[in-house]
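Here's the structure, in structure tokens; my notes come after.
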Number of protein chains: 2
Amino acid sequence: MHSFTEENYLKTIYYLANRRQGEVSTNALAEMTATKAASVTDMLRKLAEKQLIHYKKYQGVRLTDEGERLALQIIRRHRLWEVFLVQKLGFGWDEVHEIAEELEHIRSEELVTRLDTYLGYPQFDPHGDPIPTPAGQMPETGYRKLSEVEAGEGVCLMAVLEHSTEFLKHLDHSQLTLGCQVTVNEINTFDKSVLVQIESGRSVFISHEVARNLLVKN
Amino acid sequence: MHSFTEENYLKTIYYLANRRQGEVSTNALAEMTATKAASVTDMLRKLAEKQLIHYKKYQGVRLTDEGERLALQIIRRHRLWEVFLVQKLGFGWDEVHEIAEELEHIRSEELVTRLDTYLGYPQFDPHGDPIPTPAGQMPETGYRKLSEVEAGEGVCLMAVLEHSTEFLKHLDHSQLTLGCQVTVNEINTFDKSVLVQIESGRSVFISHEVARNLLVKN
DNA sequence: ATAAAAATTTAGACGACCCTAAATTTTTAG
DNA sequence: CTAAAAATTTAGGGTCGTCTAAATTTTTAT
Ligand SMILES: [Mn+2]
Ligand SMILES: [Mn+2]
Ligand SMILES: [Mn+2]
Ligand SMILES: [Mn+2]
């Protein structure tokens with residue numbers, strides 16, 4: 001069996017490996033897990049021992065197949081619980097991350113299977129992130145950032161990159177909802193902010209900072 | 001904050017204190033928590049330090065008001081999650097205890113409140129145990145054991161004392177369901193077994209061992 | 001190319017929770 | 001009322017995950 005802590009490290013390694021391609025550094029992990037580099041090194045030794053990561057001293061770290069399988073399993077649980085919290089219990093999408101951080105560690109295959117069925121086999125969590133399959137595949141999305149869309153294009157808001165309460169509340173406030181159709185009317189060259197028109201016809205001003213954290217598809 | 005382990009000790013102390021009246025012994029706790037007496041002593045010192053129990057060396061242990069409040073909170077969560085697992089996810093009543101043992105430690109007041117609402121404010125868990133109120137009161141039930149019912153009496157099956165999978169499966173197999181009306185037709189004097197008639201008209205033989213673990217009301 | 005800076009690992013330690021073996025206190029029985 | 005038995009605590013130690021400080025390796029900049 002694996003401890004909560006081990007599971008969290010695996011999830012974090014997966015996350016960082018998919019942000020910047022290639023090996024994950026000790027310092028990046030320390031920052032992400034809010035621990036010190038020395039503690040990370042200890043844990044990396046243990047995970048390598050258990051064959052969950054490839055680890056060469058000073059060279060960064062990469063998940064093994066088994067490590068990735070486990071990481072995807074935790075991510076699947078996390079996202080399914082988030083769907084439950086929002087759709088069944090009525091939490092806001094800005095309130096569920098911390099709770100799902102705990103629920104994802106509950107040890108029961110059967111529980112996850114039944115939860116998935118109960119929720120109607122959702123494909124995406126409340127933040128638009130794809131839910132890994134029971135077999136452990138992360139679905140491809142092919143989204144791009146709103147900040148990379150050309151003026152005149154019409155796209156659909158699919159997911160958020162940033163998950164902080166402040167960011168999500170800001171989107172709610174701007175009436176930017178996932179699934180929402182938006183047309184890019186104007187791109188300001190000096191600050192890269194964009195003016196988009198949403199379904200209701202209303203125009204919404206979006207800073208580059210926000211546009212960089214919104215994922216869209218055509 | 002309190003650790004999972006501390007919460008489990010509090011819950012166990014509550015349980016044992018309400019079975020045999022009075023102080024709870026170190027050995028009883030060791031048996032119940034599947035640890036050794038020496039480990040229990042360590043933890044008792046810590047819980048006393050935190051003012052969650054009254055503890056005098058060699059004299060057994062008793063919950064403080066704050067300790068009891070916490071214990072009832074954990075029990076409330078445990079039982080609400082069991083209701084969820086059975087009523088919403090379709091688990092059998094014999095499958096939910098272990099999972100609820102983990103879910104009960106998820107730290108979020110809001111989660112419990114919303115879960116309670118979602119479940120329709122249930123009064124009892126799938127085993128007939130009363131769910132403590134949000135304010136931290138354990139409802140009185142006034143149940144008696146089926147083994148103490150006189151011949152000729154008609155009673156309603158309300159709860160089980162034993163929670164093991166084997167026992168619960170045995171009840172399923174005998175078509176003994178909570179809420180089920182039963183009439184005691186015969187009490188065998190030599191082995192205290194009883195013959196009851198259930199709603200369907202069928203007669204069911206119940207050993208003393210089973211009857212001692214069934215709670216009923218009139 | 002090399003010295004300074006940055007990243008990483010090692011050394012040594014601590015708190016939480018658990019263990020076994022030994023000492024101590026309480027209970028029980030003769 | 002005492003001696004044996006039972007219950008409990010203490011002593012000493014282990015693992016897990018964390019930390020700070022020091023040593024080592026890699027990267028960066030002159
Ligand atoms: Mn999340
Ligand atoms: Mn999410
Ligand atoms: Mn239970
Ligand atoms: Mn129960």
* Asked: Heavy atoms under 4.0 Å, any strand shown: does A:Ser39 hit a base, just sugar-phosphate, or nothing?
  -> base

* With respect to the phosphate group of D:dT8, does any side-chain polar atom (N or O) of B:Tyr55 fall under 4.0 Å of OP1 or OP2? -> no

* Asked: Of all the choices, D:dT8, C:dT8, C:dT20, which nucleotide is nearest to the side chain of B:Thr26 once you look at every atom?
  -> D:dT8

* Rounded to whole angstrom units, what separation is found between the CD atom of A:Glu49 and the C1' atom of D:dT15? -> 14 Å

* Structure fact -> Nearest heavy-atom contact between B:Ser193 and B:Ser207 is CB-CA, 4.0 Å

* Structure fact -> note: B:Leu47, atom CG; C:dA16, atom P; distance rounded to Å ~ 12 Å

* Expressed in angstrom and rounded to an integer, what is the separation of B:His2 atom NE2 from C:dA16 atom P? -> 13 Å

* Asked: Reckon A:Thr41 touches a base, only the sugar-phosphate, or nothing at all at heavy-atom distances under 4.0 Å?
  -> base

* To do: Would you state whether a donor and an acceptor, one from the side chain of A:Asp42 and one from the base of D:dC16, lie under 3.5 Å apart?
  => no

* Scan B:Phe4 against the nucleic acid and name what it touches under 4.0 Å (heavy atoms): base, sugar-phosphate only, or nothing. => nothing

* Asked: In whole angstrom, what separates A:Leu44's CG from C:dT10's C1'?
  -> 14 Å

* Asked: Does A:His97 have its ring centroid less than 6.0 Å away from the ring centroid of A:His78?
  -> yes

* Asked: When the distance from CG of B:Asn27 to C1' of C:dT25 is rounded to whole Å, what number comes out?
  -> 14 Å

* Looking at A:Phe84, does the NZ or CZ of B:Lys88 lie under 6.0 angstrom from its six-membered ring centre and within 45 degrees of the ring axis? -> no

* Asked: Under the salt bridge (Lys or Arg N to Asp or Glu O under 4.0 Å) rule, what pairs show up with a residue in residues 99-108 of chain B, not counting sequence neighbours?
  -> B:Glu7-B:Arg107, B:Lys11-B:Glu101, B:Lys11-B:Glu104

* **Atom-to-atom span, CD of A:Glu7 to P of D:dC16 - whole angstrom** => 16 Å

* Structure fact -> Among the nucleotides C:dT8, C:dA21, D:dA21, whichever has the atom closest to the side chain of A:Ser25 is C:dT8

* Does a side-chain N-to-carboxylate-O contact under 4.0 Å join A:Arg69 and A:Glu66? -> yes

* So does B:Lys36 get a side-chain nitrogen or oxygen closer than 4.0 Å to the phosphate oxygens (OP1/OP2) of D:dT9? -> no

* **Whether over 12 other heavy atoms sit under 6.0 Å from B:Lys50 NZ** => yes

Might you list the N or O atoms of the protein lying below 3.5 Å from N or O atoms in nucleotides 22-24 of chain D, with each pair's distance?
{"residue": "D:dT24", "atom": "O2", "partner": "A:Tyr58", "partner atom": "OH", "Å": "3.4"}

* In whole angstrom, give the distance that lies between atom CD of B:Glu31 and atom P of D:dA7. => 11 Å

* Structure fact -> In whole angstroms, the gap separating P of D:dC19 from CE of A:Met43 amounts to 11 Å

* To do: Output yes when at least one side-chain N/O atom of A:Arg45 is less than 4.0 Å from OP1 or OP2 of C:dT10, else no.
  => yes

* Honestly, is A:Arg114 close enough over B:Phe91, meaning NZ or CZ under 6.0 Å from the six-membered ring centre and within 45° of the axis? -> yes

* Nearest nucleotide by nearest heavy atom, which residue falls closer to the 5' end of DNA chain D, A:Ser3 or B:Gln59? -> B:Gln59

* Do the side chain of A:Asp116 and the main chain of A:Val112 share a donor and acceptor less than 3.5 angstrom apart? -> no

* Under-4.0 Å side-chain N/O to phosphate OP1/OP2 contact, A:Lys57 with C:dT10 -> yes

* Assign A:Thr5 to base, sugar-phosphate, or nothing according to its heavy-atom contacts below 4.0 angstrom with the strands shown. => sugar-phosphate

